[in-house]
Amino acid sequence: AGGRPFLDDLAAAGFPPASIDVVLCTHLHFDHVGWNTRKQGDRFVPSFPNARYLFARAEWEHWSREPASVYTVTLDEAVRPVMEAGQADLVDTSFAISPEIRLEPSPGHTPGHVCVRIESRGQRALVTGDATHHPVQWAEPDWRMVADTDSALAASTRRRLLAEHEGRTLVIGTHYAPPCAGRLERGRAGVEFRAQA
């Protein structure tokens with residue numbers, strides 16, 4: 001934020017790196033793994049020394065055997081060091097972190113992509129990861145993104161998520177412009193993302 005180091009901002013908010021116990025990556029593209037590690041001398045080490053890092057097994061297996069792409073250029077700097085440090089847990093795409101927080105399989109953007117589903121006290125939220133990049137993709141689920149591994153599967157996933165979460169879930173868009181949280185509601189023109197400030 002404002003050019004300040006993320007780890008310093010996190011510590012100033014009361015969460016020093018050593019206090020973090022779980023780090024979850026919705027997928028392994030460079031813009032979703034950036035603070036997994038930090039440079040220490042000439043090597044990269046996990047930024048959160050006491051954390052378990054959760055990676056979907058299908059995601060890791062896919063990218064660890066694929067040649068590096070423009071979307072996974074940081075795999076050797078931001079993911080492999082976590083694996084080598086023994087801090088990674090390869091989990092199923094429907095893994096439950098706690099009774100309130102679980103992964104929701106959302107393949108298509110990448111093979112092991114997950115959203116994060118949060119449920120507590122009768123309320124539900126969904127953190128999108130890259131299942132959608134812009135709210136318009138709820139109204140137009142077939143609009144693809146160039147970084148999708150499988151655009152047809154990504155569109156099918158968006159339709160399924162819409163059917164499951166329309167009107168019932170606070171949707172938090174990872175790449176949406178502020179305000180990034182809102183509800184999916186059906187209007188006269190179809191589905192709309194109605195942001196909530």
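Only this structure's heavy atoms are used, side chains among them; waters, hydrogens and symmetry mates stay out.
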For the side chain of E119 and the backbone of I101, is there at least one donor-acceptor N/O pair under 3.5 Å apart?
no
To the nearest 0.5 Å, how far apart are CZ in F44 and OG1 in T74?
9.5 Å
Yes or no on side chain to side chain contact (heavy atoms under 4.5 Å, CB included) for T26 and V127, after CA distance, side-chain angles and deciding distance?
CA-CA 9 Å; T26 59; V127 180; 5.5 Å; no
Nearest heavy atoms of Q40 and V45, plus distance in Å:
OE1-CG1, 3.6 Å
Main-chain N/O of A125 paired to T169 side chain as donor or acceptor, under 3.5 Å
no
With hydrophobic residues grouped by side-chain heavy-atom distances under 4.5 Å, do L90 and W63 end up in a single group?
yes
Do the ring centers of W138 and F193 come within less than 6.0 Å of each other?
no
How far apart are the C-alpha atoms of L24 and V116, what are their side-chain angles, what is the distance that settles it, and do they pass the side chain to side chain contact (heavy atoms under 4.5 Å, CB included) test?
CA-CA 9 Å; L24 165 69; V116 181; 3.2 Å; yes
Donor-acceptor contact present, side-chain S47 to main-chain W35, <3.5 Å
yes
Separation between CZ of R168 and CZ of R124, rounded to the nearest 0.5 Å
5.5 Å
With the 4.5 Å side-chain cut-off for hydrophobic clustering, are I172 and I97 part of the same group?
yes
Could you grab the distance from atom CG of L10 to atom CZ of F15, nearest 0.5 Å is fine?
7.5 Å
Might you point out which heavy atoms bring A78 and P81 nearest each other, and give the distance in Å?
N-CD, 4.1 Å
Same cluster or not: F6 versus V82, using hydrophobic residues (I, L, V, M, F, W, Y) connected whenever any side-chain heavy atoms lie under 4.5 Å apart?
yes
I need the S151 OG to W143 CH2 distance, nearest 0.5 Å.
14.5 Å
Any side-chain heavy atom of L162 within less than 4.5 Å of one from V191?
yes
Measure across P107 and P105 and return the closest heavy-atom pair with its distance rounded to 0.1 Å.
CD-C, 3.6 Å
Under a 4.5 Å side-chain heavy-atom rule over Ile, Leu, Val, Met, Phe, Trp and Tyr, are F95 and V114 clustered together?
yes
Can you check whether N36 reaches E77 side chain to side chain, under 4.5 Å on heavy atoms?
no
Quick one: do the E59 and T110 side chains pair a donor with an acceptor below 3.5 Å?
yes
Using only atom types and a distance under 3.5 Å, with no angle test, would you say the side chain of T128 pairs donor to acceptor with the backbone of T174?
yes
So that I can tick it off, tell me whether R158 and D142 are bridged by a salt bridge, with the cut-off set at under 4.0 angstrom between side-chain N and carboxylate O.
no
For the residue pair H175 and H133, what are the closest heavy atoms and their distance?
CB-O, 3.7 Å
Polar side-chain atom of T157 near backbone of L153 as donor-acceptor pair, under 3.5 Å:
yes
Is there side-chain contact between I20 and N50, with heavy atoms separated by less than 4.5 Å?
no
Hey, could you give me each pair passing ring-ring contact (aromatic ring centres under 6.0 Å, His included) that has a residue in residues 149-174? Not counting sequence neighbours.
none
In terms of heavy-atom contacts, G187 and E192 come closest through CA-OE2, 4.0 Å
Considering all heavy atoms, the nearest T93-G112 contact:
CG2-O, 3.9 Å
Are the side chains of L103 and V91 in contact, using a 4.5 Å heavy-atom criterion?
yes
Checking the side chain of R102 only, and the main-chain atoms of S94 only, is there a donor and an acceptor separated by less than 3.5 Å?
yes
Please report the interatomic distance CG(D148) to OH(Y71), rounded to the nearest 0.5 Å.
9.0 Å
Taking side chain as C-beta onward, heavy atoms only, is L7 less than 4.5 Å from F48?
yes
Close side-chain approach of L126 to C115, heavy-atom, < 4.5 Å
yes
For the pair M83 and W60, evaluate side chain to side chain contact (heavy atoms under 4.5 Å, CB included) and give the outcome as yes or no after the intermediate values.
CA-CA 10 Å; M83 298 292 289; W60 169 251; 3.6 Å; yes
Any salt bridge linking E104 with R160? Criterion: basic side-chain nitrogen under 4.0 Å from a carboxylate oxygen.
yes
Ion pair present between R80 and D76, side-chain N to carboxylate O less than 4.0 angstrom?
yes
Proximity of H29 and H113 rings by center, below 6.0 Å
no
E185 and R194, any side-chain heavy atoms less than 4.5 Å apart
yes
Quick one, T132 with Y176, criterion side-chain hydrogen bond (donor to acceptor under 3.5 Å, both in side chains). Give me CA distance, side-chain angles, the key distance, then yes/no.
CA-CA 9 Å; T132 60; Y176 299 4; 2.5 Å; yes
Taking the six-membered ring for Trp, are the ring centroids of H27 and H109 within less than 6.0 Å of each other?
yes
With hydrophobic residues grouped by side-chain heavy-atom distances under 4.5 Å, do L75 and V70 end up in a single group?
no
Looking at side-chain heavy atoms only, is the closest gap between P46 and Q87 below 4.5 Å?
yes
Can you tell me how far CZ of R52 sits from CG of D89, rounded to the nearest 0.5 angstrom?
4.0 Å
